[in-house]
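Written out below as structure tokens is the structure these notes cover.
Letters go in sequence order (proteins before strands), and every chain restarts at 1.
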Amino acid sequence: MILLFLELKIQAALILKDAIQSAGFEIEDSELYFETSPHADLASRAAFKLASLAKKSPKDLAALIASKIEIPDGSYIGEIKPVGPYINFWASRNYLDGTVAAILTEQEKFGCGAPKDKILLEHTSANPNGPLHVGHIRNSIIGDTLARILKRAGYEVEVQYYVNDMGRQIAVVSWACERFELDLSKKSDSAIAEVYIKANAALEEHPEYVDFIDSLMEKVEAGDVGTIESFDKAVSLSVAGIKETLLRLNVSHDKFVKESTFLKSGAVHDIVERIKATGRTDIDKGALVVDLLDYGFEKTLVIQRSNGTSLYTTRDLAYHEWKATRADRVIDVFGADHKLISGQLRATLNAIGIQEPEVVIFEFVSLPEGSMSTRRGQFISADDLFDKVTTEAFEQVESRRPDTSEEFKREVAEMVGMGAVRYDIVRVSPEKSTVFNWKEAMDFEKQGAPYIQYSHARACSILEKAKEEVAWDPNAKIDSSLLVEDSEIALIKKMALFDSIIDNCARDLKPHTLAIYARELADAFNQFYRFVPVIAAEDEQVRAARLVLADCARIVIANALDTLGIGAPESM
RNA sequence: GGGCUCGUGGCUUAGCCAGGAUAUAGCGUCGGGCUUCUAACCCGAAUGUCAGGGGUUCGAAUCCUCUCGGGCCCGCCA
């Protein structure tokens, strides 16, 4: 793994720190105040911070520090200049040439970090009471993109889907399957949703049926074989459909872990005992509750119903205990409705000395008519969205590339459509609640996934043509110092940022930053494409260098798309 | 009622955690660009009291506080 921008920053820090010390001041690494800036490749605001201490103006101080700067030979830093109170850093030719060389050497590994700890990441974990809807896939897309980012950053990542196979909703599903006829001509998860919606309507009309649902839950908890089988059957049908949907979204899980596992193993019982041993528990109207007041929670947390059965929370505690033993870090991606409960979960785990998960919260996706609900049948299924988007994409391919084969059109439509869905969701930062909008989701003109994919296809197209027309050899040695045009340099610098983007995303657990970077990278390539002739370059050496640059762009765009879980078509 | 969170041009959105150089980009609008490597592209223009008030600071979209508006949550659902 070769560091570029991250290395540039390290070198800049050393140089600046030495200069500040030569100027007679002490400063910590964390006080160098580096920032990326439109005015330079890297800028420092350290002069502002030292100003009051030094009793000098930031401007004078910046000039003083700059005058003490010594750049070692071979540095990634080429020039450092004070501009007003700022100390601006520009990259050297060495950095640009190093970037091109690193991309060629590392290819699809470009941007990867050093090997790190093991992370266990849980995402999606939607209840198996119907198909995934457009709210659930925000979880899947954020979770899957994070998993890809963390892997590229160097972590060993195991991804899990936690399957609720014994809660109240599942009891309703199981009851629904017996009471109403399943239409198995449909996709299995949709068939489940259909009877689940009917069952909920029936329960609302006849509240007396609720006792029966309760008895089902008690039977499962007691290990009644027939009831467990009936729950399992319903859950399997839903999960099979959910897996199909996730596969199409290019989202994968290493394990589907069932809640009931922890009841059967005795882990749920054991963890309740451990919590009791802390002296924090109490009986409130027959239910076992945990006092978490010292963790800032006014209300107690119920971990056992008055009839003695466990709750989702109880089983989730046991699940997290198990996860903590399998990895160095545990990360959960949850919807905003889990904010409070995940805080209580963390507090309880902390109270019994178990490693707490890091929780990534995303806000809800609602419909113009209100929030989505499987129970009420108010949702847009992910399958429906995928079908509509890929159908629209197919029409686009048909009109833009009429001479291509049916198979080509279908493949491109799938990549473009699904890419558009993933990009549209991942580009927005998780803390914003959004309203689903068909028009936005179907728009391929804006700078979304198709824009990035198109730039990749363009790069591939140049290279293909070069192989045919000028017998281009991708392995031929080139002189990258011939890449001197503004748009060439801007493209190289943008590519060099990839490692630090991955690093930042992995640290902050914020995948939208990568989405924005990918778009800017495509932007930089498109400008190069527009302003600089590659195959038609007059000088043969220059042409060879530009072809390599196009190849580098192809590699980095493909890596960025791959990390976003979006396909990179060679032609579209 | 209480807690958490969001509010940035007509619409969508970056920057906010770690306060500093003309506030990011897209869509839409207006104008320009295909005899040249795929125009799902590129270039230019107009559009902002960064929800509103108050405070901290040499300096606030960013920190604190209040108000308003949207979303989510508030013990035996998950």
[Y] and [X], any side-chain heavy atoms less than 4.5 Å apart:
X: A:Arg280; Y: A:Leu292; answer: yes
X: A:Leu549; Y: A:Leu491; answer: yes
X: A:His123; Y: A:Tyr161; answer: no
X: A:Thr434; Y: A:Val428; answer: yes

Kindly point out which of [options] is positioned nearest to the side chain of [X]?
X: A:Ser37; options: B:A14, B:A78, B:A21; result: B:A21
X: A:Val534; options: B:C37, B:U13, B:U5; result: B:C37
X: A:Thr300; options: B:G75, B:U38, B:C42; result: B:G75
X: A:Ile535; options: B:C42, B:C76, B:C37; result: B:C37
X: A:Arg458; options: B:C76, B:A78, B:U38; result: B:U38
X: A:Asp337; options: B:U12, B:C42, B:A78; result: B:A78
X: A:Tyr454; options: B:U12, B:C76, B:U38; result: B:U38
X: A:Leu340; options: B:C41, B:C74, B:A40; result: B:C74
X: A:Asp443; options: B:C41, B:C27, B:A21; result: B:C27
X: A:Val83; options: B:A14, B:G75, B:A21; result: B:A21

Would you please confirm or rule out a distance under 4.0 Å between OP1 or OP2 of [N] and any side-chain N or O of [X]?
X: A:Arg375; N: B:C77; result: no
X: A:Arg400; N: B:A40; result: yes
X: A:Arg305; N: B:C77; result: yes
X: A:Ser429; N: B:A14; result: yes
X: A:His512; N: B:G15; result: yes
X: A:Tyr529; N: B:A39; result: yes
X: A:Lys432; N: B:G7; result: yes
X: A:Tyr423; N: B:U12; result: no

Practice problem: Assign each of A:Glu431 and A:Phe48 to its nearest nucleotide of RNA chain B by heavy atoms, then name whichever residue's nucleotide is nearer the 5' end. | Solution: A:Glu431

Quiz prompt | Residue closer to the 5' end of RNA chain B, A:Asn437 versus A:Ala336 (nearest nucleotide) | solution =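 The 5'-side residue here is A:Asn437.
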
Give [X] one of three labels, base, sugar-phosphate or nothing, depending on what nucleic acid heavy atoms sit under 4.0 Å from its own.
X: A:Glu468; result: nothing
X: A:Lys465; result: sugar-phosphate
X: A:Asp523; result: sugar-phosphate
X: A:Arg401; result: base
X: A:Ala457; result: base
X: A:Gly167; result: sugar-phosphate
X: A:Ala43; result: base
X: A:Val532; result: base
X: A:Lys59; result: nothing

Could you tell me the Watson-Crick or G-U partner of [N], where both distances fall under 3.5 Å? Say none if there is no partner.
N: B:U13; answer: none
N: B:C4; answer: B:G71
N: B:U35; answer: none
N: B:A45; answer: B:U29

Take atom [atom1] of [X] and atom [atom2] of [N], then tell me their distance rounded to the nearest Å.
X: A:Glu520; N: B:U24; atom1: CD; atom2: C1'; answer: 8 Å
X: A:His338; N: B:C74; atom1: NE2; atom2: P; answer: 11 Å
X: A:Gln527; N: B:A25; atom1: CD; atom2: P; answer: 11 Å
X: A:Leu216; N: B:C77; atom1: CG; atom2: P; answer: 14 Å
X: A:Arg45; N: B:A18; atom1: CZ; atom2: P; answer: 12 Å
X: A:Arg315; N: B:C76; atom1: CZ; atom2: C1'; answer: 12 Å
X: A:Leu32; N: B:G20; atom1: CG; atom2: P; answer: 16 Å
X: A:Ile341; N: B:C4; atom1: CD1; atom2: C1'; answer: 15 Å

Between the side chains of [X] and [Y], does any donor sit under 3.5 Å from an acceptor?
X: A:Ser455; Y: A:Asn526; answer: no
X: A:Arg401; Y: A:Ser571; answer: yes
X: A:Gln344; Y: A:Thr313; answer: no
X: A:Gln169; Y: A:Asn164; answer: no

Tell whether [X] reaches the base of [N] with its side chain through a donor-acceptor pair below 3.5 angstrom.
X: A:Asn88; N: B:A21; value: yes
X: A:Thr313; N: B:A78; value: no
X: A:His39; N: B:U22; value: yes

Quiz item: By centroid distance (under 5.5 Å) and plane angle (under 30°), are A:Phe364 and B:G71 in a stacked arrangement?
Solution: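 No, aromatic ring not over the base.
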
Inter-nucleotide [atom1] distance ([N], [M]), Å rounded:
N: B:C72; M: B:C77; atom1: C1'; answer: 16 Å
N: B:G28; M: B:U22; atom1: C1'; answer: 25 Å
N: B:C63; M: B:C50; atom1: C1'; answer: 16 Å
N: B:U65; M: B:U56; atom1: C1'; answer: 11 Å
N: B:U62; M: B:A46; atom1: C1'; answer: 28 Å
N: B:C4; M: B:G55; atom1: C1'; answer: 24 Å
N: B:C68; M: B:G31; atom1: P; answer: 45 Å

Self-check item: A:Lys439 backbone acceptor or donor facing A:Asp443 side chain under 3.5 Å
Solution: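 Looks like no, no N/O pair under 3.5 Å.
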
Quiz prompt | Parallel, tilted or perpendicular: rings of A:His338 and A:Tyr312 (30°, 60°) | solution =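 It falls in the perpendicular class, over 60°.
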
